[in-house]
Each structure stands twice: as C-alpha cells, then as structure tokens.
Number of protein chains: 4
Amino acid sequence: MNTGVKVLDKQERKKYISEKTLELISEKGLTNLTMEDVAFSCNLSKGSIYNYFKNKNSLIVSAFSALLEKVQNFFEENESVLSQDCAEASADFYANLYSEILNTFPSKELMRLFEILMNSTHDQSMMKILTQTFKENYGKILGKFEKLFNSKTKAFMLQAMFDGLVIYRAVGIEFSNEEIKNNFKKMILSFTEDNKN
Amino acid sequence: MNTGVKVLDKQERKKYISEKTLELISEKGLTNLTMEDVAFSCNLSKGSIYNYFKNKNSLIVSAFSALLEKVQNFFEENESVLSQDCAEASADFYANLYSEILNTFPSKELMRLFEILMNSTHDQSMMKILTQTFKENYGKILGKFEKLFNSKTKAFMLQAMFDGLVIYRAVGIEFSNEEIKNNFKKMILSFTEDNKN
Amino acid sequence: MNTGVKVLDKQERKKYISEKTLELISEKGLTNLTMEDVAFSCNLSKGSIYNYFKNKNSLIVSAFSALLEKVQNFFEENESVLSQDCAEASADFYANLYSEILNTFPSKELMRLFEILMNSTHDQSMMKILTQTFKENYGKILGKFEKLFNSKTKAFMLQAMFDGLVIYRAVGIEFSNEEIKNNFKKMILSFTEDNKN
Amino acid sequence: MNTGVKVLDKQERKKYISEKTLELISEKGLTNLTMEDVAFSCNLSKGSIYNYFKNKNSLIVSAFSALLEKVQNFFEENESVLSQDCAEASADFYANLYSEILNTFPSKELMRLFEILMNSTHDQSMMKILTQTFKENYGKILGKFEKLFNSKTKAFMLQAMFDGLVIYRAVGIEFSNEEIKNNFKKMILSFTEDNKN
DNA sequence: TATGAATGAGCCTTCATTCAT
DNA sequence: AATGAATGAAGGCTCATTCAT
C-alpha cells in the first residue's frame with residue numbers, strides 16, 4: 001500500500017476541483033453554481049465530487065481558501081522586492097503596487113471573495129469558518145501596512161479602500177489608474193506622517 | 001370609478017411590499033428569500049405579489065432601489081446642516097458624519113446592497129438596471145465630495161473606503177470608531193490640500 | 001372567503017393522500033415508496049404532495065394513523081354486538097371474533113403496521129410519535145380484554161399472539177382457522193378462570 | 001496450493017462479515033445499513049465485500065440466517081436440560097425458559113428478524129429464500145412444543161405470542177416478567193390438558 | 001484478493017410561477 | 001384584486017455496484 005502517494009493524489013485532486021469550482025463561481029456566481037457544473041467541468045460524475053467534498057458548502061469553503069491563497073500570493077509576489085525605509089519611496093512603491101494589482105488582478109475574482117462572504121452571512125457555521133480564513137489571510141496582507149503605518153486601523157482603511165474600488169470596478173464603474181495611483185500615494189503619505197512625530 | 005386613487009394605492013402597496021422585502025433580505029439574505037416569505041410578511045397570498053411585481057427579480061430591483069433611497073436619505077439628513085467653506089471644518093464635519101454613519105447605519109443593511117449587486121453580476125439584465133440605479137444614487141451622495149475635492153476619483157476613493165469598512169464590519173471585523181474618525185479626517189485633509197494650489 | 005369549506009377540503013385531501021399512500025405501502029413496502037409514486041397514484045404532481053405534508057415522514061405517520069384507525073374500526077365494528085357476561089360465552093365470542101378478523105383482515109395490511117413501526121426504530125422522533133399513536137389505538141382495542149381478564153398483561157399477551165399470527169400468515173405460514181379458533185377459546189377461558197376466584 | 005484451506009478461510013470470512021452485518025443491522029436498522037458501513041466495520045474496503053457476497057441482498061440473507069441460527073442456539077442451549085414428562089413440570093419449565101429468553105435475549109435483535117422479513121415482503125426472490133430459512137429454523141424450535149402439545153397449531157400460537165411480545169417490548173411497551181411467566185404457564189397447561197384425554 | 005475511485009440512477013425537497021375561482 | 005392549489009423543473013445528496021490497478 002503506497003498510501004503516501006495516494007494521499008497526495010487525493011489532495012491534489014481536491015485542489016484541482018477547488019480551482020475549477022473557483023472558475024465556475026467567477027462565471028456563474030455562487031447561487032447558480034451546481035454540483036453538476038462542477039462535476040462536468042472536472043470531467044467527473046456528480047457522485048465523484050462527493051468523494052472529495054462532504055457537501056457543496058465544504059467545496060465552497062475550499063474554493064474560497066484557494067482564492068484567498070491566490071490573492072495573497074499575488075500580493076506577495078509583487079511585493080517581494082523589498083520594503084523601503086524612506087517614507088516617500090514606500091508610498092511610491094505601494095501606490096504603484098496597489099494600482100497595478102487593481103489594474104491587473106481580475107476584479108471579478110476578488111469580488112467573488114466578498115460575494116462568497118456575504119452569501120454566507122446567513123449560515124452561522126459557514127460564516128464562522130469563512131471569516132476565520134478571511135482574517136488569517138488578510139492579516140498577512142495587512143502586515144506590511146501595519147508596520148508602515150504603525151497602525152492596524154490605518155492598514156484596514158487602506159485595504160478597505162482597495163477592496164471597495166475592486167467592487168466598484170467589478171460592477172462597471174470606471175476610473176483612471178493614474179489618478180488612483182496618485183491619490184493612493186497621497187493617502188499613504190498622509191497616513192505615514194504621524195510616524196515622524 | 002376613481003382610478004386615480006387606485007393607481008396611487010397600487011404604488012403605495014408596491015412600496016410597502018418593497019420595504020417588507022428589504023427587511024426580509026436583511027434578515028435572511030438574498031438567496032434564502034422566497035416569494036412565500038414576502039407574501040407572508042405582507043399578509044398577502046403568494047399569487048398577489050405577482051399582481052404588483054412581474055417576477056422575483058423585479059421585486060428585488062425595487063427593494064434595491066428602496067434601499068439606495070434609504071441610504072441616500074440617511075446621508076442627506078445628516079448632511080443637511082450646511083456645507084462648510086473652511087477645509088479644516090469640512091474635514092471635521094465629514095469625518096464625523098461618516099464615522100457616525102458607519103457606526104449607526106446597520107452595517108448588514110448596507111452590505112446587502114453589495115450582496116444584491118454581486119449576486120446580479122451573472123445576470124446581464126439585472127446587472128444593467130441595478131448598476132444604473134446604483135450609479136445614480138451614489139452619484140448624488142458623491143456629489144458633495146466631488147465638489148469638496150474637486151475630483152470625482154477622490155470622491156469615489158473615499159466612498160470606496162467607507163463601503164469597504166462597512167463590509168469588513170459586517171463580516172465581523174472590529175475597529176475603533178475614534179481612530180477611524182481621526183484617520184478619515186486626515187485623509188480628507190490630504191485630499192483637499194491640492195485645491196489650495 | 002369560505003374558509004370553513006376549504007379547510008374541510010384540505011383535511012379530506014390529506015386523508016385521501018394518506019389512504020393512497022397506505023395502499024402503496026402495502027404494495028411496495030416502506031422503503032420502496034417514493035413521493036413520485038404517491039403523487040402519481042393521487043393524480044397530483046410531486047410538488048403538490050408537499051402542500052399537504054411537510055415531508056415523507058409526516059406522510060408516513062399520517063398513513064400509519066389511518067391504518068391504525070382502520071384496524072380499530074374493524075375490531076369495533078365486529079365487536080359492537082355486546083359484551084357477554086358468561087365466561088364461556090365471552091370466550092366463544094372473542095375466539096370467533098379474532099379468528100374471523102385474522103381470516104378476513106388483510107394480513108399484509110396489519111403487518112405493515114409493524115413494518116412501519118420497526119423501520120422507525122432508528123429514528124427517534126418518528127419512533128416517538130408512532131409508538132404514541134400505536135399505544136393509544138391498541139389501548140382502546142385491548143380495553144375489552146383488560147376488563148374480561150381483569151389484567152393488562154393478559155390482554156397484551158392475547159393481542160401479541162394475534163399479531164404474531166398475523167405476521168406468520170403474512171410471510172406465508174398457513175394454519176387451519178378452525179384449530180386457531182378452538183385454541184383461542186381455550187386460552188381465553190384459561191385466562192378468565194382466575195377471575196372466579 | 002492448499003485450496004482446501006483457502007475455501008475454509010473464505011467461508012469463515014463470510015461468516016465473520018455476516019455477523020458484523022448483523023450487529024450493524026441491530027444498531028442502525030436495515031434501511032440505514034450501507035455497504036460502506038459493513039466494509040468499515042469489517043476493516044475491509046467496499047469492493048472487497050463483493051468478493052464474498054454477490055450483492056447487498058445476499059449479504060442480508062446471510063446475516064438473516066446467522067441471526068436465526070443464533071436464536072435457535074439460544075433456545076437450544078437453555079433447553080438442553082431435558083424434556084420433562086409431567087405436564088406441570090413441563091409447563092413450569094417452558095414458562096421459565098420463555099420468560100427468561102424474553103428477558104435476556106436482546107429484543108431488538110429478535111425484532112430485526114421480523115424487520116428483515118417484512119421488508120422483503122415486496123421482493124419475491126428475497127421473500128422466498130428468507131421465509132424458507134425462517135420456516136426451517138422455527139420448525140426446529142417449534143418441534144418441542146409440537147411434541148408437548150401434540151399440535152403444530154398450538155406450537156405456532158405459543159411462539160407467535162412470544163414473538164408478538166418481543167415486538168411490543170422492542171417498540172417500548174413494558175410489562176412485568178413475573179406476570180408473563182405465570183400466564184405462560186397457565187396457557188401451556190391449558191394447551192396440554194387435551195392430551196390427557 | 002484487495003482496493004477505493006468512479007459511476008449514475010434515483011430520491012427528497014424547494015420554489016418561482018401560473019391559473020381557475 | 002386576491003387566493004392558494006397545482007405545477008414541474010431543478011438541485012443536493014446517497015449508495016449499490018463496477019472495475020482498473
């Protein structure tokens with residue numbers, strides 16, 4: 001029995017299904033997502049999905065985690081350069097980063113994250129596990145800003161602005177990236193100023 | 001036949017049903033809302049709802065509009081005092097206003113607005129009408145900021161931050177209102193600085 | 001609104017569905033009974049059944065009650081003659097009655113009663129309501145014997161024998177009615193003897 | 001190749017699986033029994049069960065046989081003392097035996113026997129083989145009473161009473177063992193009286 | 001023989017919508 | 001306008017059984 005290998009396989013397939021599910025959610029939304037869709041897009045039968053996930057909810061949770069991981073990676077990859085010590089340079093750097101992400105990361109995908117979160121508001125157990133996962137991952141993303149601003153609240157506010165813009169864009173509101181970038185910088189600077197004192 | 005009166009009646013009842021629907025959506029979310037729920041909470045039969053709304057979607061659109069109107073009124077009422085001319089005073093005023101609203105307006109309710117929006121992402125025709133309504137109403141709210149900042153983008157960004165925070169709070173993230181208010185002010189000031197030049 | 005009439009209608013239809021269900025259970029058994037079967041045999045759509053019964057279980061409970069009522073009526077009708085005061089005559093009377101019932105009442109139908117009971121053994125909530133109903137109805141049937149024998153236990157034992165025979169017969173075991181009747185009488189007499197003392 | 005041994009092994013494992021299945025049926029009932037349950041409780045994979053049994057039904061038949069055998073052994077063990085020749089002593093002996101069995105043999109287990117039987121009522125082929133097995137085994141048990149009473153019917157009736165009581169008890173009806181025993185004796189005596197003539 | 005992933009038919013249940021009254 | 005019974009499509013989930021390894 002080579003269970004070591006088999007377990008890995010199973011894990012990989014769960015991941016595969018989760019990612020396919022994510023795509024489907026982006027396409028059709030949570031409510032319209034059916035297990036049949038998932039099965040079909042994975043070239044599996046409906047019953048097979050249930051060999052990997054207990055039910056639809058746990059599949060969604062898994063897809064949600066995969067999405068958050070993706071978002072986090074996206075932030076980290078682009079950020080890996082280095083943290084700056086000069087406030088001006090930092091502001092410049094992050095303003096560029098965020099406007100870049102806002103520009104390139106599929107808005108709809110990030111928006112899904114909130115769609116999933118919101119839809120779960122009415123299901124205690126789902127909500128609990130999703131917000132848990134959400135906080136953990138966003139915590140990591142916010143870490144950098146927390147250090148930069150020396151304030152958790154400010155970090156939240158900046159990220160909230162970013163997320164808000166993501167949603168606006170996802171629902172079809174348009175704005176100039178250049179302006180966004182400049183204002184990001186302005187804001188970051190104003191938030192870092194306190195640190196000097 | 002006093003049809004004039006009757007037409008009015010019908011409008012009023014549509015309004016009534018929309019508001020009841022809104023309450024229900026706040027309670028149970030969009031997905032769990034059934035026409036039976038609506039009928040019951042309006043003391044009507046299921047079939048009767050269809051005398052007022054063509055189908056579930058148009059009921060939701062109507063509820064969505066009612067919600068937006070409510071939000072707008074809420075902003076306007078609190079704002080009606082007067083617009084300030086001194087930048088410092090304006091920043092103070094709006095920081096107070098927003099943190100007040102963030103604090104008192106039921107987060108979940110405002111969050112619903114986005115839940116509805118997001119859920120509709122996958123339904124072209126719904127999306128079209130909802131974003132239309134959304135833009136119109138938010139346009140009015142943003143008007144003040146646009147004037148203050150002399151920039152549409154800045155106005156959007158401030159509002160986006162506000163909405164992002166609403167969502168964060170709705171999913172259970174907590175932060176101090178005092179800090180939020182101070183940072184709001186800081187940000188508004190940094191955004192208005194340009195105007196001086 | 002003539003609700004009085006309508007409510008009656010609804011009650012009658014529930015009854016009708018319950019009875020159709022009973023027939024189906026007799027034909028196909030509990031496990032093989034599908035809501036589709038029920039709907040079809042009632043000339044209704046599947047969804048309509050759910051306008052009358054919350055779920056399959058409550059339909060089964062209703063059918064069970066209907067069956068018990070039927071059994072009870074069967075006993076009572078045949079018994080209505082009068083209760084005898086002479087022991088010999090009583091024994092004669094009841095022996096005749098029981099062998100008659102055993103002979104004419106569809107064994108399979110009575111057996112269903114136990115099939116339903118047994119299948120519910122693993123579902124606490126079902127079990128509770130079914131045994132409750134069962135005890136109430138059998139209590140009425142047993143009442144006569146309790147009086148005759150002046151003993152609850154004896155009444156149970158006689159009825160248990162009857163039910164056991166019903167099951168035996170339902171699973172294909174055959175025996176002579178004449179002998180059964182004679183032995184019934186013998187047994188009843190032996191059970192009543194004590195009372196003389 | 002020592003196939004002789006292997007065949008024995010296979011037989012033994014079938015027996016083992018049947019017994020485990022029996023336990024599971026007692027726990028969860030027939031309807032809720034899944035092949036997965038069986039496999040798990042045998043420390044086997046689902047597929048492996050099918051190396052021993054053609055399908056679920058034949059597994060159930062096997063478990064049913066195992067149960068009947070168990071019942072029979074139970075009766076025989078307790079009975080092995082010897083058969084009495086004095087009617088009074090016989091009655092005493094059997095009354096004790098039956099009330100003892102009724103008391104100690106897990107009611108639910110015996111009840112399962114009838115549950116299995118009844119559930120099979122709707123499956124011709126199952127029914128045929130199960131009733132066959134049932135008759136054979138009960139035939140052996142009834143043998144003693146047949147001799148004692150000199151009547152097959154009386155034997156059936158006594159056993160039917162016993163089985164009925166088993167079911168009553170399994171569904172939660174309670175009665176005093178002492179009374180049961182006394183009445184058993186009374187009944188046996190009344191049934192043996194004829195033989196004197 | 002053992003495994004366990006894959007299958008697919010089947011069932012219960014929900015719910016928006018219609019329509020006769 | 002109001003009613004509410006009827007509809008039927010759709011979806012989540014289960015499970016006996018098969019089969020490649």
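For the numbers below, each heavy atom of this structure counts, side chains included, while hydrogens, waters and symmetry mates do not. In what follows, chains carry the letters A, B, and so on, assigned in the order in which the sequence lines appear, proteins first and then strands, with residues in each chain numbered from 1.
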Given dT3(F), dA6(E), dT13(E), the nucleotide with the shortest approach to the side chain of L44(B):
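The closest nucleotide is dT3(F).
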Rounded off to whole Å, could you give me the [atom1]-to-[atom2] distance for the [X] and [N] pair?
X      : N       : atom1 : atom2 : result
M35(B) : dA6(F)  : CE    : P     : 20 Å
L59(A) : dG11(F) : CG    : P     : 15 Å
K28(B) : dT14(E) : NZ    : P     : 12 Å
K14(C) : dA5(F)  : NZ    : P     : 12 Å
F40(A) : dG8(E)  : CZ    : P     : 13 Å
I60(A) : dG12(F) : CD1   : C1'   : 12 Å
L33(B) : dC15(E) : CG    : P     : 10 Å
K10(A) : dA6(E)  : NZ    : P     : 8 Å

Please name all residues satisfying salt bridge (Lys or Arg N to Asp or Glu O under 4.0 Å) with [X], sequence neighbours left out, ordered by chain then number.
X       : value
K14(B)  : none
K128(B) : none
E36(A)  : K46(A)

Side chains of residues 56-66 of chain D: which donor-acceptor pairs under 3.5 Å do they make with residues two or more places apart or in other chains?
unit_1: K56(D); atom_1: NZ; unit_2: L33(D); atom_2: O; d: 2.8
unit_1: N57(D); atom_1: ND2; unit_2: D123(D); atom_2: OD2; d: 3.4
unit_1: S58(D); atom_1: OG; unit_2: K54(D); atom_2: N; d: 3.4
unit_1: S58(D); atom_1: OG; unit_2: N55(D); atom_2: N; d: 3.3
unit_1: S58(D); atom_1: OG; unit_2: N55(D); atom_2: O; d: 3.0
unit_1: S58(D); atom_1: OG; unit_2: N55(D); atom_2: OD1; d: 3.4
unit_1: S62(D); atom_1: OG; unit_2: S18(D); atom_2: OG; d: 2.6
unit_1: S65(D); atom_1: OG; unit_2: V61(D); atom_2: O; d: 3.3

Between atom CG of L24(B) and atom CZ of F40(B), what is the distance when rounded to the nearest 0.5 Å?
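It is 10.5 Å, given to the nearest 0.5 Å.
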Contacts of E23(D) that satisfy side-chain contact (heavy atoms from CB on, under 4.5 Å) - sequence neighbours left out:
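Here the qualifying residues are K20(D).
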Residues in side-chain contact (heavy atoms from CB on, under 4.5 Å) contact with E69(D), at least two apart in sequence or another chain:
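Here the qualifying residues are K15(D), N73(D).
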Name the residue closer to the 5' end of DNA chain E, choosing between T34(B) and S48(D) according to the nucleotide with the nearest heavy atom.
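Nearest-nucleotide comparison on DNA chain E picks S48(D).
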With DNA chain E as reference, determine whether S45(A) or E36(B) sits nearer its 5' end, using the nearest nucleotide of each.
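Taking each residue's closest nucleotide, the earlier one in sequence belongs to S45(A).
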Give a yes-or-no answer on whether the side chains of D37(B) and T34(B) include a donor-acceptor pair shorter than 3.5 Å.
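Yes, T34(B) and D37(B) have a side-chain donor paired with an acceptor closer than 3.5 Å.
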Watson-Crick or G-U pairs under 3.5 Å in DNA chain F, rendered as dot-bracket with [ ] for crossing pairs and | for another strand:
.||||||||||||||||||||
Identify, between T31(A) and N43(B), the residue whose nearest nucleotide on DNA chain F lies closer to the 5' end.
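Result of the comparison: N43(B).
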In residues 50-58 of chain A, which residues come under 4.0 Å of DNA chain F by heavy atom?
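Only Y50(A), N55(A), K56(A) qualify.
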Only counting residues at least two apart or in another chain, list the ones meeting ring-ring contact (aromatic ring centres under 6.0 Å, His included) with F134(C).
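Checked F134(C) against ring-ring contact (aromatic ring centres under 6.0 Å, His included); matches are Y138(C).
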If the cut-off is 4.0 Å, is R13(B) near the phosphate of dA2(F), judged by side-chain N/O to OP1 or OP2?
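Yes, because at least one side-chain N or O of R13(B) sits under 4.0 Å from OP1 or OP2 of dA2(F).
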Is K46(B) side chain donor-acceptor paired with the dT17(E) base, going by distance under 3.5 Å alone?
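Under the 3.5 Å cut-off, the side chain and the base do form a donor-acceptor pair.
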